[in-house]
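Read the numbers this way: they start at 1 and go in the same order the structure lists the ligands and their atoms.
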Amino acid sequence: MTELPVRVVAAIAQARQQQDDPLAMFIYDLAALQQHIRQVMEALPDGAELYYAIKANSEPQILQTLAPWVDGFEISSGGEIERLQAAGSDKPFVFSGPGKLDSDLRAALRRQAAAIHVESLNEIDRLQRLAREQGRVQTVLIRINPQLPAQISSRLAMAGTATPFGIDEADLAVAVHRVDNADHLVLQGFHVHAMSHQQSEQRHRQLMEYYLQRWPQWKALSAQQEGITHLNVGGGIGVDYLSTSQFDWPGFCHWLGELLAVTAGAPRLRFEPGRFISAFCGYYAIEILDQKTSHGKHFLVCRGGTHQFRLPVAQGHDHPIIHLPQRSDGAGELCAWTVVGQLCTPKDVLSRDCSLKGVAIGDMLVLPLAGAYGYNISHADFLCHPRPCQLFLPLETASWA
Ligand SMILES: *Cc1c(COP(=O)(O)O)cnc(C)c1O
């Protein structure tokens, strides 16, 4: 993780030359993204497919790079349907999320969503009415909030506890019955997105085993079981921001392939990760504006901050930092720095007590793993700083977005 790709370093150098003010920018290495998604897709076992959850990063260049490789996209708003369209994707998409508007649902029906994940009894009724208005029959998955055994919960549980997502397993029979009786809806299966930040393959395996064990019972609730073929097991594969070891996706997929092969009547499994797909290709590069010591703590004040890259504060971690000397030679004393941005709030901290050697004003700091839930979850207009440039490095040469 301490190694920066040469093309990223070169892009930063070029951007510095083209700008008078100190630099803050995002760089996305599309070649690395392509290589990663190839490996992720190649590892998938027979009987499983993968849709990219675009809320992690829905920039057109990201979607265009992923589109040839993924089976489809997962979206959660009408705006995200437009993003897909703007990117020119003709890949299938599925639509989840609480609080879908009628206008969102109409757009999804018109654009022939591969599945709409219904999240409440009211939504089933509403979708039936809207589908009838358009004279369409829509494929749906019922999103389940399952009763999860305690040992398979994780840092942020999206299910297995009180949440606004999906339909409680206790109410599933009623929901299935209602879809069965809706003549403009066809039940194709179930959707469970229970986890975020899952870093343990072991626990993710337990989760899959649990879903597959529940599957026949969920399916048996329907009077029309032949059409019930799909189990969307959500996203939530974690990224370890603090070490170099990552979720062993190939190992997990290998295990899953063996499990599916011996599971009678196994559903078609659909994954919809976001973070694990786009996180690794992104970098946030910031220039050091000032250094100071206050009450015994050493601060590096940098261009940009948490209004452009909220991820570290959102997750409460100290983001890894790579020092890119420009004015200094990178020699000198090791010092523990707290890296902050330009905002007038003590919360504008990107990393605390980060050990760096010989830093100087004008040097660059680069925050890797910034490609998912980075810029797009940030409050970029706070304090009216200009928005940072987002640079997408394509396979051959760099181009400005
Ligand atoms: C956010 C979300 C995802 C993607 O989650 P990641 O943690 O980024 O993998 C997938 N499915 C649903 C329904 C989501 O809300």
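Partners of Y373 according to the ring-ring contact (aromatic ring centres under 6.0 Å, His included) rule, which considers only residues two or more places apart in sequence or in another chain, do not exist here.
Close contacts of ligand 1 with P273, meaning ligand atoms under 4.0 Å from a residue heavy atom, involve 9 (O).
Looking at E272, H197, H117 and measuring to atom 11 (N) of ligand 1, the nearest heavy atom belongs to E272.
Judged by the shortest distance from any of its heavy atoms, G234 lies outside the 4.0 Å radius around the atoms of ligand 1. For the pair F165 and ligand 1, no heavy-atom separation below 4.0 Å is found. Residue contact annotation: S76 has no non-hydrogen atom under 4.0 Å from ligand 1.
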Would you give me the side-chain donor-acceptor pairs under 3.5 Å for residues 91-98, sequence neighbours excluded?
{"from": "K91", "atom 1": "NZ", "to": "A67", "atom 2": "O", "distance (Å)": "2.9"}
{"from": "K91", "atom 1": "NZ", "to": "V70", "atom 2": "O", "distance (Å)": "2.7"}
{"from": "S96", "atom 1": "OG", "to": "E74", "atom 2": "OE2", "distance (Å)": "2.5"}
{"from": "S96", "atom 1": "OG", "to": "H117", "atom 2": "ND1", "distance (Å)": "3.1"}

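For a threshold of 3.5 Å applied to N or O pairs, the pair formed by S96 and ligand 1 contains no separation below that value. Between M195 and ligand 1, a contact under 3.5 Å exists for no N or O pair. Polar contact with ligand 1: present for G236 (N/O pair, distance under 3.5 Å). Among the atoms of H191, none of the N or O lies under 3.5 angstrom from an N or O of ligand 1.
Contacts with ligand 1 closer than 4.0 Å are made by no heavy atom of F276, backbone or side chain.
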